[in-house]
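Just so you know, these numbers come straight off a predicted model, no measurement behind them.
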Amino acid sequence: MNAIPAKSSGMNPHTQHGHGRRLHRVNWWLTALVAVCSLTVLVPLYFAVAVALKSPEQLAKGTGFEWPNPVHWGNFAEAWARTNFPRALMNTAMITVCSVVLTLLTSSVLAYALARNMHRPFFKIAYYYFLAAMFIPFPIVMLPVVKETGLLGLDNQAGLIVLYTLYGFSMNIFLYTTYLHSIPMELEEAARVDGASTWRVFWQIIFPLLMPMNATVGILTCVWAWNDFIMPLVVLTDPGARTLPLAQYVFQGQYNTNYTVAFASYLMAMAPLLIVYIFSQRWVISGVVRGSVK
């Protein structure tokens with residue numbers, strides 16, 4: 001008996017090739033939109049670099065967008081000296097790192113307790129209470145906070161770390177609880193059957209699974225604590241504890257601003273945070289995408 005040949009898919013190779021090309025066709029309108037949106041970041045960045053490498057005379061003669069010739073690298077040395085950059089950098093780094101670590105430890109535990117007990121009225125009310133804090137701007141509660149930190153002796157770097165942790169609860173709990181709903185309860189139930197306590201379940205099973213969201217919350221807290229100006233301004237009382245944004249305020253006077261040295265200082269302060277973001281951006285994107293899908 002002759003073998004019956006298998007039926008083909010009904011589409012010849014030429015048709016398949018054309019179909020594949022249609023699937024991979026470039027959306028030029030979307031590409032153009034992405035290119036235009038990218039200019040909103042690249043143009044200001046180029047402007048900042050160009051100004052930082054100019055002398056005040058070069059900046060006064062042109063529009064600011066011309067590339068300097070010659071290049072003045074001395075602006076960075078002057079910014080380093082006038083802001084006491086190493087001291088301000090260490091202060092900012094210490095506050096940022098401690099805020100990130102404390103935020104990850106406290107927000108994840110609190111969100112886990114709320115997410116796994118959302119069926120209880122008290123925890124549900126507490127969850128919406130924390131979410132309501134997102135709609136209260138800091139300037140509204142700024143004066144009471146300054147008064148309270150002074151009375152409690154927290155008008156220092158430790159007070160800033162505590163405030164960054166507390167004021168980040170609302171957004172962080174929202175992100176964590178959304179992500180926790182995507183983790184199967186069967187993992188915890190299997191661990192409890194083996195005799196694991198709630199704390200052990202969280203630290204050995206749940207917390208490792210939160211790594212993408214930990215990266216998201218960590219980088220958001222890092223950017224906030226690193227770049228924040230108003231909270232260190234109203235809380236810190238020791239001039240030696242000032243952060244980079246406060247140290248850079250020295251370039252702004254009542255009647256003029258030293259733009260060339262100021263922009264050099266801005267680039268120096270931006271560089272460490274930019275390096276951190278480059279190495280952690282894939283975790284941030286993964287955490288946002290996976291946390292938004294239940």
Trainee: With a cut-off of 6.0 Å (strictly less than), are more than 12 heavy atoms of other residues, nucleotides or ligands near CZ of Phe174?
Mentor: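 Result for CZ/Phe174: open.
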Trainee: What pair of heavy atoms forms the shortest contact from Val51 to Tyr259, and how long is it?
Mentor: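 Looks like CG1-O, 3.9 Å.
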Trainee: Verify, without hydrogens or angle tests, whether Gln157 (side chain) and Ile95 (backbone) share a donor-acceptor contact under 3.5 angstrom.
Mentor: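 No; judged by distance alone, with no hydrogens or angles, the pair does not exist.
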Trainee: Got a donor-acceptor contact below 3.5 angstrom from the Ser182 side chain to the Thr178 backbone?
Mentor: no
Trainee: Ignoring hydrogens and angles, tell me if any N or O in the side chain of Glu78 forms a donor-acceptor pair with the backbone of Val261 under 3.5 Å.
Mentor: no
Trainee: Is any side-chain heavy atom of Leu267 closer than 4.5 Å to a side-chain heavy atom of Phe76?
Mentor: yes
Trainee: Please report the shortest heavy-atom distance between Arg242 and Pro239, naming the atom on each side.
Mentor: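 Heavy atoms of Arg242 and Pro239 come nearest at CG-O, 3.2 Å.
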Trainee: Could you tell me if the ring centre of Tyr112 sits under 6.0 Å from that of Phe207?
Mentor: no
Trainee: So does Ala158 get a backbone contact from the side chain of Asn156, meaning a donor-acceptor N/O pair under 3.5 Å?
Mentor: yes
Trainee: Would Tyr128 and Met171 show up in the same hydrophobic cluster when neighbours are defined by side-chain heavy atoms closer than 4.5 Å?
Mentor: yes
Trainee: Distance from Met213 atom CE to Ile183 atom CD1, nearest 0.5 Å?
Mentor: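 Here the rounded value is 9.5 Å.
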Trainee: Is any NZ, NE, NH1 or NH2 atom of the basic residue among Glu66 and Lys61 found under 4.0 Å from an Asp or Glu carboxylate oxygen of the other?
Mentor: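 No, this pair does not count.
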Trainee: Taking all non-hydrogen atoms of both residues, which atom of Trp80 and which atom of Pro86 are closest, and how far apart?
Mentor: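 Shortest heavy-atom contact: CZ2-CG, 3.4 Å.
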Trainee: Is there a path of hydrophobic side-chain contacts, each under 4.5 Å between heavy atoms of I, L, V, M, F, W or Y residues, that connects Val71 with Tyr266?
Mentor: yes
Trainee: Identify, with sequence neighbours excluded, every residue that meets side-chain hydrogen bond (donor to acceptor under 3.5 Å, both in side chains) alongside Tyr127.
Mentor: none
Trainee: Under 4.5 Å between any side-chain heavy atoms of Ser265 and Arg82, yes or no?
Mentor: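 No - every pair of side-chain heavy atoms lies 4.5 Å or more apart.
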Trainee: Any idea which heavy atoms bring Pro272 and Leu89 closest together, and the distance?
Mentor: CG-CD1, 4.4 Å
Trainee: Determine whether Tyr46 and Leu39 satisfy the following criterion, side-chain contact (heavy atoms from CB on, under 4.5 Å), listing intermediate values before the conclusion.
Mentor: CA-CA 10 Å; Tyr46 168 81; Leu39 293 178; over 6 Å; no
Trainee: Are Trp73 and Met270 linked, directly or through intermediate hydrophobic residues, by side-chain heavy-atom contacts shorter than 4.5 Å (ILVMFWY only)?
Mentor: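 Linked within one cluster.
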Trainee: Taking C-beta and beyond as the side chain, do Cys222 and Leu273 meet within less than 4.5 Å on heavy atoms?
Mentor: yes
Trainee: CG of Leu175 to OG of Ser170: how many Å apart, nearest 0.5 Å?
Mentor: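 So the CG of Leu175 and the OG of Ser170 are separated by 9.5 Å.
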Trainee: Could you tell me if the side chain of Leu236 sits less than 4.5 Å from the side chain of Asp155, heavy atoms only?
Mentor: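 No - every pair of side-chain heavy atoms lies 4.5 Å or more apart.
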Trainee: Looking at Met134, I want to see if its CE is surrounded by more than 12 non-hydrogen atoms of other residues, nucleotides or ligands under 6.0 Å.
Mentor: yes
Trainee: Would Met118 and Phe122 show up in the same hydrophobic cluster when neighbours are defined by side-chain heavy atoms closer than 4.5 Å?
Mentor: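 Result: yes, single cluster for both.
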Trainee: Could you grab the distance from atom CG of Asn91 to atom CG of Asn84, nearest 0.5 Å is fine?
Mentor: 9.0 Å
Trainee: If you draw a 6.0 Å radius around CE in Met142, do more than 12 non-hydrogen atoms from other residues or ligands fall strictly inside?
Mentor: yes
Trainee: Asn75 side chain to Ala264 main-chain N or O, any donor-acceptor pair under 3.5 Å?
Mentor: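 No: the side chain of Asn75 does not pair with the backbone of Ala264.
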Trainee: Are Leu33 and Val43 co-members of a hydrophobic cluster defined by side-chain heavy atoms under 4.5 Å apart?
Mentor: no
Trainee: Show, in sequence, the C-alpha distance, side-chain angles and deciding distance for Asp228 and Met231, and conclude whether the side-chain contact (heavy atoms from CB on, under 4.5 Å) test is met.
Mentor: CA-CA 7 Å; Asp228 188 31; Met231 196 178 296; 2.9 Å; yes
Trainee: Let's go through Ile136 and Val141 carefully: what are the C-alpha distance in whole Å and the side-chain angles of both, what is the deciding distance for side-chain contact (heavy atoms from CB on, under 4.5 Å) to 0.1 Å, and is it a yes or a no?
Mentor: CA-CA 8 Å; Ile136 302 177; Val141 297; 4.1 Å; yes
Trainee: Measure the shortest side-chain to side-chain distance between Leu246 and Thr243 over non-hydrogen atoms and say whether it is less than 4.5 angstrom.
Mentor: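 In contact.
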Trainee: Is the shortest heavy-atom distance from the side chain of Phe202 to the side chain of Ser108 under 4.5 Å?
Mentor: yes
Trainee: Is the backbone N or O of Leu30 less than 3.5 Å from a side-chain atom of Asn27, with the two atoms forming a donor-acceptor pair by type?
Mentor: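 Checking the backbone N and O of Leu30 against the side chain of Asn27, a donor-acceptor pair under 3.5 Å is found.
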Trainee: Is there a side-chain contact between Thr260 and Ser55 in this structure, where contact means two heavy atoms from C-beta onward sitting under 4.5 Å apart?
Mentor: no
Trainee: Is Glu188 salt-bridged to Arg192, cutoff N-O under 4.0 Å?
Mentor: yes
Trainee: Verify side-chain contact (heavy atoms from CB on, under 4.5 Å) between Val162 and Tyr167, making sure each step is shown before the conclusion.
Mentor: CA-CA 9 Å; Val162 172; Tyr167 282 107; over 6 Å; no
Trainee: Check the angle between the aromatic planes of Phe47 and Phe263 and answer parallel, tilted or perpendicular using the 30° and 60° thresholds.
Mentor: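 Correct class here is perpendicular.
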Trainee: Rounded at 0.5 Å granularity, tell me how far OG1 in Thr103 sits from CG in Asn214.
Mentor: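 Output value for this atom pair is 11.0 Å.
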Trainee: Measuring from atom OG1 of Thr149 to atom CG of Leu152, what distance do you get when rounded to the nearest 0.5 angstrom?
Mentor: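 Answer for the OG1-CG pair, Thr149 versus Leu152, is 7.5 Å.
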Trainee: If you look at every heavy atom in Gly218 and Val100, which pair is closest and at what distance?
Mentor: O-CG2, 3.7 Å
Trainee: Which atoms form the tightest heavy-atom contact between Leu114 and Phe123, and what is the distance?
Mentor: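 Scanning both residues, the minimum pair turns out to be CD2-O, 3.5 Å.
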Trainee: Check for a donor-acceptor pair, side chain of Thr96 on one end and backbone N or O of Ala93 on the other, with a separation under 3.5 Å.
Mentor: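 No: the side chain of Thr96 does not pair with the backbone of Ala93.
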Trainee: Could you tell me whether a side-chain N or O of Ser107 sits under 3.5 Å from a main-chain N or O of Leu104, the two making a donor and an acceptor?
Mentor: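 No, the answer is negative, given that no donor and acceptor are paired below the 3.5 Å cut-off.
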Trainee: If you measure from CZ on Phe130 to CG on Asn172, what distance do you get to the nearest 0.5 Å?
Mentor: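 If we round to the nearest 0.5 Å, Phe130:CZ and Asn172:CG are 11.0 Å apart.
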Trainee: Check whether any side-chain heavy atom of Leu187 sits under 4.5 Å from a side-chain heavy atom of Pro184, and report yes or no.
Mentor: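 Leu187 reaches Pro184 side chain to side chain.
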Trainee: Between Ser99 and Ala225, is there a donor-acceptor pair closer than 3.5 Å when you use the side chain of the first and the backbone of the second?
Mentor: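 Between the backbone of Ala225 and the side chain of Ser99 there is no qualifying donor-acceptor contact (under 3.5 Å).
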